[in-house]
Amino acid sequence: MKIYNTLTKQKEEFIPLEEGKVKMYVCGPTVYNLIHIGNARPMIVFDTVRRYMEYKGLEVNYVSNFTDVDDKIIKKAMEEGVESEVISERYIEECKKDMEGLNVKPATTHPLATKEIDGMVDMISTLIKKRHAYPAADGTVYYRTRSFKEYGKLSHKNLDDLQGGNRSLLVSGEEQKEDPLDFVLWKPRKAGEPAWHSPWCDGRPGWHIECSVMSRKYLGEEIDIHAGGEDLVFPHHENEIAQSEAANGKTFARYWMHNAFLNIDNKKMSKSAGNFFTVRDISEKYDLQVLRFFMLSAHYRSPLNFSADLMEAAKNGLERIKTAAEKLRELQAKASDGKLTGQEEASLLEAKEFLVKFETAMDDDFNTADAIAAIFELVKFANTNANEESSKPYVDALLKQLTDMADICGLILETKEEILDEDIEALIQERQDARKAKNFARADEIRNQLLSQGIILEDTREGVKWKRA
Ligand code: AMP
Ligand code: ZN
């Protein structure tokens, strides 16, 4: 399995620190609003990375935080006249609902920044002790950027170039910094803002220290993969490396993965320009599985354009896969038990080739675009090579292969349409009438139709009973 590592700018064979186990941290959203479809991209992409690794037998410890203390949350709380927590708790709940709709698995741990303040104070104290950080007169603590010799190694930036670009910062009220490159680890409270005690002043942590601390607490000082959107490379991830490596004296993360951005109609997503969609907006028009399928139709390191036409195309594409699965389920319900014929055995071997293609694509830095192309090849193959004459084990195997491949992508192939109780009762009545009229073909058809919708019929002495599978 190869992963493109932002740190080395090349694809590298993935070798976990501990055999069979993966420690993975994905920077999560700041919770001040409903998540937008751009935020959904890293969620879907890295959930798919996790699913593929689990499919390969790796045990993934997946940690993704919620940033629940931030200027934007405080601003929103002030606008609504409520505590910050009301805002963050509300949008964490909403985010979890969207994740469920997108079939993004809950992380092993979803830490909250506000619950990890002690760890942050602890790491900042270590950094001060090691002379990598210093408190200024007003209680702000800064990281001494130049003290970390490898600063810039992730974003491939040169310290002196950064210095030039940052000169103006010194005139913007941060003259207490030793160097314009220094960044904030702890900042003093402002009126009306949430604050915690610390040895330097009552205040709150800077954003970067949160992830260094939560990653260390839940995964350890050295982890396998750290991931997020490409906007996080600099300064967020660069600063995380500086903090963690200086504090722990160890390599922080071995592989750094970054997804490219999602644009709308080829423009940067922006609320003020009116081209902005939340995941919730999309869910009013589409099943969120379509959004997931759409995101995976491109490689995660390619910019992805969102448009109404492309969503329609994604809807049709997903529908084709679901229809093939539906057809196989119908054949499965009808097929009589039997053995695989020689021809079917050969045909299954041929079908396995699509799984090989799928895995080859995923092994190559999670090329989901090619992996989905392999799913389509299997769909086409199943549509032409499975029919009413097929044996049950043959249909079972094709359906299993299709659902396994879809599962890795987090795509659910069962149609969610729930059949209503009254419709079930009506069909059962129709079946009874058909049997009375000795129309056994129709009676069986109804039993199979219900079975394909997950309804199991039982003929008992007291009449027909049914249950949901
Ligand atoms: P934020 O809440 O802004 O910290 O973003 C949470 C995650 O979403 C980060 O990993 C960002 O890099 C990612 N992200 C934000 N906007 C986009 C976008 N338009 N396309 C892809 N990823 C994005
Ligand atoms: Zn982070």
Side-chain angles (χ1 to χ4, degrees), residues 6 24-47 49 62-73 75-76 87-88 91-92 94-95 98-99 102 104 107 109-113 116 119-120 123 154-155 183 185 205-219 223 225-244 252-253 256-271 273 275-279 282 291-292 294-296 298-307:
T6 309
M24 178 164 181
Y25 187 97
V26 182
C27 290
T30 307
V31 277
Y32 66 100
N33 213 332
L34 291 172
I35 58 162
H36 57 66
I37 54 176
N39 298 141
R41 192 172 189 194
M43 285 179 183
I44 293 167
V45 159
F46 299 118
D47 177 67
V49 168
Y62 190 98
V63 176
S64 189
N65 67 297
F66 287 112
T67 296
D68 62 343
V69 54
D70 176 85
D71 289 344
K72 295 192 199 103
I73 302 173
K75 182 165 171 268
K76 180 105 173 183
I87 302 295
S88 56
Y91 290 112
I92 288 170
E94 297 301 341
C95 178
D98 288 336
M99 284 169 65
L102 293 164
V104 169
T109 315
H110 277 294
L112 305 182
E116 310 290 345
M120 297 178 204
M123 191 180 276
L154 180 70
S155 51
F183 60 89
L185 297 176
W207 169 38
H208 316 301
I209 196 75
E210 298 174 7
C211 289
S212 282
V213 168
M214 293 186 273
S215 176
R216 178 170 78 174
K217 174 159 173 192
Y218 295 98
L219 297 170
I223 71 170
I225 303 172
H226 196 115
E230 66 184 1
D231 58 323
L232 301 186
V233 175
F234 186 86
H236 185 52
H237 288 164
E238 194 70 64
N239 291 355
E240 281 188 44
I241 292 177
Q243 296 163 159
S244 297
F252 178 30
W256 288 85
M257 295 180 75
H258 294 99
N259 65 273
F261 257 43
L262 175 87
N263 296 314
I264 299 190
D265 293 324
N266 291 311
K267 288 186 212 86
K268 190 170 185 281
M269 194 161 37
S270 131
K271 222 172 202 170
N275 63 343
F276 180 93
F277 294 107
T278 62
V279 169
I282 303 303
L291 185 59
R292 180 166 185 127
F294 164 77
M295 296 274 186
L296 297 178
H299 186 264
Y300 75 94
R301 283 190 294 114
S302 306
L304 176 59
N305 188 41
F306 179 95
S307 72

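In each ligand, atom 1 is the first atom listed, and ligand 1 is the first ligand listed. Just so it is clear, the model here is predicted, and its values are computed rather than measured. As a basis for the values below, the full set of heavy atoms in this structure was taken, side chains included, without hydrogen atoms, waters or symmetry mates.
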In terms of side-chain heavy atoms, does [X] have a donor or acceptor partner in [Y] at a distance below 3.5 Å?
{"X": "His237", "Y": "His258", "value": "yes"}
{"X": "Glu116", "Y": "Tyr218", "value": "yes"}
{"X": "Ser307", "Y": "Asn305", "value": "no"}
{"X": "Glu240", "Y": "Ser212", "value": "no"}
{"X": "Asp68", "Y": "Tyr91", "value": "no"}

Go through the steps to decide whether Tyr62 and Asp47 satisfy the test side chain to side chain donor-acceptor pair (under 3.5 Å), and finish with yes or no. CA-CA 9 Å; Tyr62 190 98; Asp47 177 67; 5.8 Å; no
I need the nearest protein heavy-atom contact for [atom]: residue, atom name and distance, please.
{"atom": "atom 17 (C) of ligand 1", "result": "Phe261 CZ, 3.4 Å"}
{"atom": "atom 23 (C) of ligand 1", "result": "Gly38 O, 3.3 Å"}
{"atom": "atom 12 (O) of ligand 1", "result": "Asp231 OD1, 2.4 Å"}
{"atom": "atom 13 (C) of ligand 1", "result": "Pro42 CG, 3.7 Å"}

Could you walk me through whether Phe294 and Phe306 pass the ring-ring contact (aromatic ring centres under 6.0 Å, His included) check? CA-CA 9 Å; Phe294 164 77; Phe306 179 95; 5.5 Å; yes
Which of the numbered atoms in ligand 1 are below 4.0 angstrom from a heavy atom of [X]?
{"X": "Gly229", "answer": "10 (O), 12 (O)"}
{"X": "Met269", "answer": "19 (N)"}
{"X": "Asn259", "answer": "21 (C), 22 (N)"}
{"X": "Pro29", "answer": "2 (O), 6 (C)"}
{"X": "Leu232", "answer": "9 (C), 10 (O), 12 (O)"}

Return the set of residues passing salt bridge (Lys or Arg N to Asp or Glu O under 4.0 Å) with Glu94 (not counting sequence neighbours), or none when no residue passes. Lys97, Arg280
So for His36, does at least one of its heavy atoms come nearer than 4.0 angstrom to any atom of ligand 1? yes
Proximity flag Ala260 to ligand 1, non-hydrogen atoms under 4.0 Å: yes
N/O/S from Cys211 sitting under 2.8 Å away from the Zn ion (ligand 2): yes
Backbone or side chain, does Cys27 get an N/O/S atom under 2.8 Å to the Zn ion (ligand 2)? yes
Could an N or O of ligand 1 be found under 3.5 Å from any N or O of [X], whether backbone or side chain?
{"X": "Trp207", "result": "no"}
{"X": "Asn39", "result": "yes"}
{"X": "Thr30", "result": "yes"}

Applying ring-ring contact (aromatic ring centres under 6.0 Å, His included) to His208 and Phe183, what does each step give before you reach the verdict? CA-CA 9 Å; His208 316 301; Phe183 60 89; 5.6 Å; yes
I'd like to know whether the aromatic ring centres of Phe277 and His36 sit less than 6.0 Å apart in this structure.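 No, the ring centres sit 6.0 Å or more apart.
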With the Zn ion (ligand 2) as the point of reference, which N/O/S atom of His236 is the closest?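 His236's closest N, O or S atom to the Zn ion (ligand 2) is named NE2.
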Close side-chain approach of Val279 and Leu102, heavy atoms under 4.5 Å: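 Yes, their side chains come closer than 4.5 Å.
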Pick whichever of Ile37, Val233, Leu262 has a heavy atom sitting closest to atom 20 (N) of ligand 1. Leu262
